[in-house]
Amino acid sequence: MADQEPQEHNLPYKACVAVGSQYAGKGQYENALRMFEKAADQPEFDNSCRVARAQTYLKMGKAKEALEEAQEALSKDAKCIKAILMKAEALYATGEFEWAMMAFHQGLHRRPEIADFQRGVDKCTEAIENGVKTIGQIKMKSAVNTAFLKEDTVAQLKKKATKSKRRQRSSSEPWHRRCS
């Protein structure tokens, strides 16, 4: 690695992106980001590098950073299909399934031949359906728990009401009867 440093230092833009992509392919994400940063410092910097950085961030589990990169790429070129895919994947990774589905649909509309968009729509649909089922189960459980709490509460209120009525009866009696 030490003997690669001088070579990497003077690489042209496309070589930086290529070496960064190789590092990412090997799972050396920090090295990949370092190369993409070197590419970003050069005047030829374009969306392909932003998309590559977004993909690397996703692989590192840094979905928010990936989303920022993808959105930056889309701000430069709203039709960049790879940036749309990275945005959709980043949104999915952050748990924003509805927004991810919209981005996957946008890509599917523009490029229906790219299977990743249809797979993305499918996984978003599944995630949303699972979320709805889970929420339904939670509501059912809480309704059951609430029903038990209400029965207990009703029983306690009845006891309190009975005690209160006894006190009222005893207080409505003349004072001389209560004292005896």
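The model shown is predicted, which means the values in this text are computed figures rather than measured ones.
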Any side-chain heavy-atom pair from L91 and F97 closer than 4.5 angstrom? no
Minimum side-chain heavy-atom gap E69-M86 below 4.5 Å: no
For residues D46 and Y13, determine if any side-chain heavy atom of one lies less than 4.5 Å from a side-chain heavy atom of the other. yes
Would you say NZ of K64 has more than 12 non-hydrogen atoms from neighbouring residues, nucleotides or ligands within 6.0 angstrom? no
Nearest heavy-atom neighbours spanning A100 and Y92: CB-N, 3.5 Å
So, do F104 and K123 sit near enough that their side-chain heavy atoms are less than 4.5 Å apart? yes
Let me check something: do V121 and I114 share a hydrophobic cluster, defined by ILVMFWY side-chain heavy atoms less than 4.5 Å apart, either directly or through other members? yes
Any carboxylate oxygen within less than 4.0 angstrom of a Lys/Arg side-chain nitrogen, looking at R34 and E30? no
When rounded to the nearest 0.5 angstrom, what distance separates CG in L108 from CG in D116? 11.0 Å
Can you list everything that forms a side-chain contact (heavy atoms from CB on, under 4.5 Å) with Q71? Sequence neighbours excluded, please. L67, K87
Applying side-chain contact (heavy atoms from CB on, under 4.5 Å), can you list everything that pairs with E37, at least two apart in sequence or on another chain? R53
Distance col, row C80:SG vs L85:CG, nearest 0.5 angstrom, shows 10.0 Å
